Q: 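This structure is in structure tokens; I'll ask about it shortly.
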Amino acid sequence: MNNYDHKKIEKKWQGVWEKSKIYEAKTGGKGKTFYGLIEFPYPSGAGLHVGHIRSNTAMDIISRKRRMEGYNVLYPIGWDAFGLPTENYAIKMGIDPAKITKTNTDVFRKQLKSVGFGFDWSREIDTTNPAYFKWTQWIFLQMYKKGLAYKHRTTINWCPKCKIGLANEEVVGGVCDRCESPVEKREKEQWMLAITKYADRLDKDLDKTKYLEKIKIQQRNWIGKSEGSEIEFPIKDSLEKIKVFTTRADTIFGATYVVLAPEHDLVTKLKPQISNSKEVEAYIKAVKDKTDIDRTSDDKEKTGVELKGIRAINPANGEEVSIWIADYVLATYGTGAIMAVPQHDERDRDFATKFNLPIIDKPLVDTKEITDKVGGKIVTKYKLRDWVFSRQRYWGEPIPIVHCDRCGYVPVPEKELPILLPKVKSYVPTDNGESPLAIISKWVNTTCPKCKGKAKRETDTMPNWAGSSWYFLRYTDPKNKKEFASKKALKYWMKNGVDWYNGGMEHTTLHLLYSRFWHKFLYDMKLVPTSEPYMKRTSHGMILAEGGVKMSKSIGNTVDPKEIVALYGADTLRIYEMFIGPFDQSVAWSTESIIGSRRFLDKIARIQDRVKNVKSDDVLEKSLHKTIKKVSEDIESMNFNTSVSSMMVLVNEMEKSQNIGIKDFKMFLQILAPFAPHITEELWQKLGEKKSIHKSSWPKWDKKKVVDENITIGVQINGKVRTEITIPVDINEEDIKTLVLKDKKVSEWIGEKPIRRVIYIKGRIINIVV
RNA sequence: GCCCGAGUGGCGGAAUUGGUAUACGCGCACGACUUAAAAUCGUGUCUCGUAAGGGAUGUGGGUUCGACCCCCACCUCGGGCACCA
């Protein structure tokens with residue numbers, strides 16, 4: 001079935017490339033640089049997924065093209081290895097997560113190498129390696145020192161069945177991701193990172209980047225910037241005031257009541273004046289106990305209680321309005337209080353209707369003027385909230401903080417980093433929702449770095465987003481022991497940040513935002529050269545199983561890349577995954593169709609035998625230059641599917657050609673090389689080349705050869721194509737008109753009818769209106 | 001509900017962004033080579049029609065000499081957010 005021995009060829013060249021280190025990036029030099037980045041994989045036990053290959057091949061193609069264009073290219077790889085599946089597997093099997101990680105990364109490395117990616121393996125990093133996470137901890141300490149890391153009592157998600165605290169990303173639709181029991185709330189002290197302090201810059205600086213528009217939009221929606229007014233509603237017979245936030249100050253004359261979030265501070269303060277405080281307290285407690293499922297349940301019927309005995313005053317007209325608490329007002333957004341305008345707001349209207357509150361229609365006023373008049377001010381608010389940074393888990397970076405009864409929280413001195421994970425017998429979290437580290441008293445008990453008294457280590461660990469928030473910096477200088485990366489290396493590779501970063505849309509609001517935040521912090525510390533980490537960000541679509549459903553182990557519809565590589569070869573797999581469909585869209589896998597990509601490569605290997613030291617047929621030469629142009633442009637816009645198809649067209653043409661010149665065939669091999677690195681290298685060197693094709697120069701298309709002298713265009717009568725005509729490309733409008741009107745078919749169609757108009761679009765179409 | 005995408009043959013998809021709709025690939029059918037099979041090559045393959053010709057890009061309307069592409073209304077699917085005032 002196969003014409004060339006892919007097993008032999010691919011193994012051979014992978015060995016040669018590794019020995020000659022052609023993909024290793026040297027820091028320094030005068031030439032231009034290119035830093036291409038893919039999201040480093042999580043080395044799961046399932047092994048490499050065909051989706052990894054799709055995104056890795058795309059950036060591999062871009063990196064290889066850049067190298068051939070004369071750039072010094074950095075295309076690194078590593079492992080985002082802290083994470084829950086590893087920990088859960090460790091719990092189940094009682095194996096050290098570090099051992100599992102080692103096994104898994106070994107498998108991943110081998111698999112990635114078998115596909116022939118041009119990664120610089122000498123820069124491989126692993127977030128679970130102490131030499132790496134030392135710097136993750138170090139960056140955390142710098143944030144702590146600048147007041148960006150703080151401890152805060154907040155509610156966490158608690159799974160009553162697994163008896164563990166869950167991370168937000170482990171809660172899917174209000175239930176535990178592992179056992180599907182409804183998640184409850186528990187209060188706990190948590191480490192937080194003040195990402196909201198950067199909200200404005202995270203929004204604004206998107207303008208500096210070349211991210212795909214949809215990525216910018218999604219980030220902006222998540223940050224949720226909105227301008228509005230803060231206005232105070234005085235409480236009657238009290239010195240207290242209720243500060244509300246509204247984007248519709250212009251509707252203030254329609255405000256007929258005020259609502260506080262149940263958790264609002266004022267509720268406690270005003271307690272002595274509230275006549276129904278028992279009812280109020282019962283409501284607050286009920287809200288607190290509500291699970292996420294209850295709060296977001298389908299009917300979303302509004303609930304709330306009036307604070308009887310107190311009234312607020314609408315500052316716009318001096319009228320008294322009632323005060324309520326209701327859980328449809330969120331404590332964490334705005335001021336935690338709103339003025340309700342049932343006439344203009346659907347939620348307020350629902351509430352007002354249910355509790356018989358007045359709904360009045362008043363004329364609108366100017367927002368700015370009224371805000372001024374009532375003594376309010378225009379403010380900007382964000383939906384973004386601070387980042388809950390602690391996890392009650394074993395398999396993460398220990399947070400380098402010590403708690404001392406006398407000194408409070410004390411950062412671990414930098415020279416004591418890294419704080420290593422102790423060996424434990426069980427990785428199961430404890431009953432009270434604390435990390436398994438909490439029961440290792442030998443590790444927990446320590447001395448306070450400040451007063452040398454007794455102290456305890458922080459037992460929470462960092463989320464898996466920590467290590468990935470700065471890994472791209474480490475690649476520039478992965479073995480540095482003194483700094484997370486030298487300024488020289490950072491400046492050399494990241495003059496504009498990472499030049500091109502491709503990844504999944506699912507990381508747009510978490511990883512992408514988190515790493516931008518860390519980077520901005522490091523920029524403020526003058527430790528990195530740019531305020532934005534990534535210049536360009538693009539995204540790939542998912543590969544679905546046959547039939548368009550998700551690939552999953554439990555359904556048993558996964559595809560193992562290993563088998564495809566064994567059967568058809570890595571080059572075929574790469575070509576197939578690029579040809580499968582538009583890169584940014586989800587596509588369904590089809591094992592049946594792979595053969596087409598293999599046939600394409602077989603054809604090329606066969607054509608090689610017919611290549612001679614002659615001048616190619618003119619038509620073929622033209623097609624070649626058109627294809628060089630098309631492929632060169634398509635790679636830049638990530639239209640890999642059409643570049644493959646245009647090369648297929650060219651190869652089909654070669655088959656029919658009499659003369660295929662060696663020079664032209666080599667140029668074709670060069671543009672195919674990034675897609676199919678093994679077979680092109682084999683054929684290239686068979687043609688007498690001694691240097692690797694991947695170190696050769698990207699071919700240039702000849703401008704004269706991409707235009708035809710004669711072209712065939714359609715001839716329309718009244719907008720319908722009736723025939724076609726072949727004309728010289730530079731024919732003038734008058735000549736083509738007379739030529740067309742002389743045409744037999746055309747005159748038949750026109751008959752006696754008078755010609756009203758003739759429209760000629762150069763090189764495209766001619767339309768005769770009768 | 002809001003914000004992004006997408007809807008084209010039996011299937012994956014292409015269309016120079018307003019100019020010959022269905023490139024390329026899979027599949028299927030027939031033929032060549034072969035004792036035979038595989039591989040390979042050739043021909044055909046949106047639809048109705050013997051043909052001339054007509055009809056088709058989710059649906060209905062509009063703009064235009066001309067619409068898969070632009071505008072309006074709607075339907076379906078995928079992704080994100082979701083009581084954010």
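From a predicted model like this one, the values you see are computed outputs, not experimental measurements. Below, chain A is the first sequence line, B the second, and so on; all start at residue 1.
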Q: Counting the atoms with a prime plus P, OP1 and OP2 as sugar-phosphate, which does T246(A) contact under 4.0 Å by heavy atoms, base, sugar-phosphate, or nothing?
A: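 Since only primed, P, OP1 and OP2 atoms lie under 4.0 Å of T246(A), the category is sugar-phosphate.
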Q: Once rounded to the nearest 0.5 Å, what's the spacing between atom CG of N557(A) and atom CE of M551(A)?
A: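 Between N557(A) CG and M551(A) CE, I get 7.0 Å after rounding to 0.5 Å.
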Q: What does E346(A) touch in the nucleic acid at a heavy-atom separation under 4.0 angstrom: a base, only the sugar-phosphate, or nothing?
A: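 Nothing, no nucleic acid heavy atom in range.
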Q: Determine the interatomic distance between P on U47(B) and the same-named atom on G9(B); round to the nearest Å.
A: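 After rounding to an integer number of Å, I get 12 Å for this pair.
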Q: D250(A) CG to A85(B) P: how many Å, rounded?
A: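 Spelled out: CG on D250(A) to P on A85(B) is 14 Å.
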Q: May I ask you to evaluate whether Y328(A) reaches the phosphate of A85(B), defined as a side-chain N or O under 4.0 Å from OP1 or OP2?
A: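 It does not, given that no N or O in the side chain of Y328(A) lies less than 4.0 Å from OP1 or OP2 of A85(B).
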Q: Counting Watson-Crick and G-U wobble pairs only, both distances under 3.5 Å, name the nucleotide matched with G25(B), or none.
A: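 When the pairing criteria are applied, C11(B) turns out to be the nucleotide that pairs with G25(B).
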Q: My understanding is that a pair needs two contacts under 3.5 Å, Watson-Crick or G-U wobble. By that rule, which nucleotide pairs with C30(B)?
A: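 The base-pairing partner of C30(B), which may sit in any strand shown, is G42(B).
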Q: Just call it for K383(A): base, sugar-phosphate, or nothing, with non-hydrogen atoms closer than 4.0 Å on any strand.
A: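 The answer is base, as K383(A) lies within the cut-off (heavy atoms under 4.0 Å) of a base atom.
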Q: Classify K603(A) by what it touches in the nucleic acid, base, sugar-phosphate, or nothing, heavy-atom distance under 4.0 Å.
A: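 Contact class for K603(A): sugar-phosphate only.
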Q: Is it true that Y211(A) and Y501(A) have ring centroids separated by less than 6.0 Å?
A: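 Judged by ring-centre distance (under 6.0 Å), Y211(A) and Y501(A) do not meet the cut-off.
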Q: Can you tell me how far P of G78(B) sits from CD1 of I543(A), to the nearest Å?
A: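 Taking CD1 of I543(A) and P of G78(B), I get 19 Å after rounding.
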Q: Would you call D702(A)-K705(A) a salt bridge at under 4.0 Å N-O?
A: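 Yes.
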Q: Just to be sure I understand the rule, does R220(A) reach a base, reach only the sugar-phosphate, or reach nothing, if contact means heavy atoms closer than 4.0 Å?
A: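 Nothing: the residue R220(A), judged by heavy atoms under 4.0 Å, touches no strand.
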Q: Which one, C24(B), G54(B), C26(B), comes nearest to the side chain of R722(A)?
A: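 Looking only at side-chain atoms, R722(A) lies closest to G54(B).
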Q: Are W589(A) and Y576(A) close enough that their ring centers fall under 6.0 Å?
A: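 Yes, they do, as the ring centres are separated by less than 6.0 Å.
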Q: Under 3.5 Å for both donor-acceptor distances, Watson-Crick or wobble: does A52(B) have a partner, and if so which one?
A: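 Paired with A52(B), as far as the under-3.5 Å criterion goes, is no nucleotide at all.
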Q: Which base, if any, makes a Watson-Crick or G-U wobble pair with A36(B), both distances under 3.5 Å?
A: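 Its partner: none found.
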Q: Paired with U63(B) by Watson-Crick or G-U wobble geometry, both distances under 3.5 Å: which nucleotide is it?
A: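 Base partner found: none.
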Q: Heavy atoms from C-beta onward define the side chain here; which of A85(B), C26(B), U40(B) lies closest to that of R606(A)?
A: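 So the side chain of R606(A) is nearest to U40(B).
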Q: Out of curiosity, R516(A) CZ to Y514(A) OH, how far, rounded to the nearest 0.5 Å?
A: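 Here the rounded value is 13.5 Å.
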Q: Once each nucleotide of nucleotides 13-20 of chain B is scored for protein heavy atoms under 4.0 Å, what B/S/- sequence comes out, 5' to 3'?
A: SS-B--BB
Q: Which one, G54(B), C24(B), C65(B), comes nearest to the side chain of N652(A)?
A: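 Within the option list, the nearest is C24(B).
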Q: Would you mind reading off the distance between Y576(A) atom OH and C24(B) atom P, rounded to a whole angstrom?
A: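 That distance rounds to 19 Å.
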Q: Starting the side chain at C-beta, find the nucleotide from A85(B), G55(B), C65(B) nearest to K720(A).
A: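 The answer is G55(B), which lies nearest to the side chain.
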Q: Check whether any side-chain heavy atom of M578(A) sits under 4.5 Å from a side-chain heavy atom of T57(A), and report yes or no.
A: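 Contact flag for M578(A)/T57(A) side chains = yes.
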Q: Counting the atoms with a prime plus P, OP1 and OP2 as sugar-phosphate, which does W589(A) contact under 4.0 Å by heavy atoms, base, sugar-phosphate, or nothing?
A: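 Touches nothing.
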Q: Are there more than 12 heavy atoms of other residues, nucleotides or ligands under 6.0 Å from atom CG of D708(A)?
A: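 Result for CG/D708(A): enclosed.
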Q: In Watson-Crick or G-U wobble terms, both distances under 3.5 Å, what is the partner of C77(B)?
A: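 G5(B) - that is the nucleotide pairing with C77(B), both distances being under 3.5 Å.
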Q: Counting side-chain heavy atoms from C-beta on, which of A85(B), C3(B), C26(B) comes nearest to I217(A)?
A: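 Nucleotide nearest to I217(A)'s side chain: C3(B).
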Q: Just so I know, are the side chains of F579(A) and S593(A) near enough to count as touching, which here means a heavy-atom distance under 4.5 Å?
A: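 Answer no - side chains too far apart.
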Q: With sugar-phosphate meaning primed atoms plus P, OP1 and OP2, does M648(A) contact a base, only sugar-phosphate, or nothing at under 4.0 Å between heavy atoms?
A: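 Sugar-phosphate contact only - M648(A) comes under 4.0 Å of backbone atoms but never of a base.
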Q: Where along residues 336-344 of chain A does a heavy atom fall under 4.0 Å from RNA chain B?
A: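 Residues of residues 336-344 of chain A that come under 4.0 Å of RNA chain B are, in numerical order, I338(A).
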Q: When you check the phosphate oxygens OP1 and OP2 of C65(B), does a side-chain N or O of R757(A) lie under 4.0 Å from one of them?
A: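 Looking at the OP1 and OP2 atoms of C65(B), one of them is under 4.0 Å from a side-chain N or O of R757(A).
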Q: Between Y328(A) and F351(A), does the ring centroid distance fall short of 6.0 Å?
A: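 When the ring centroids of Y328(A) and F351(A) are compared, they turn out to be within the sub-6.0 Å range.
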Q: Identify whether any heavy atom of R599(A) sits under 4.0 Å from a base atom; if not, whether one sits that close to sugar-phosphate; answer base, sugar-phosphate or nothing.
A: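 Sugar-phosphate, no base atom in range.
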Q: Any side-chain heavy atom of N317(A) within less than 4.5 Å of one from N314(A)?
A: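 Of all side-chain heavy-atom pairs linking N314(A) with N317(A), at least one is under 4.5 Å.
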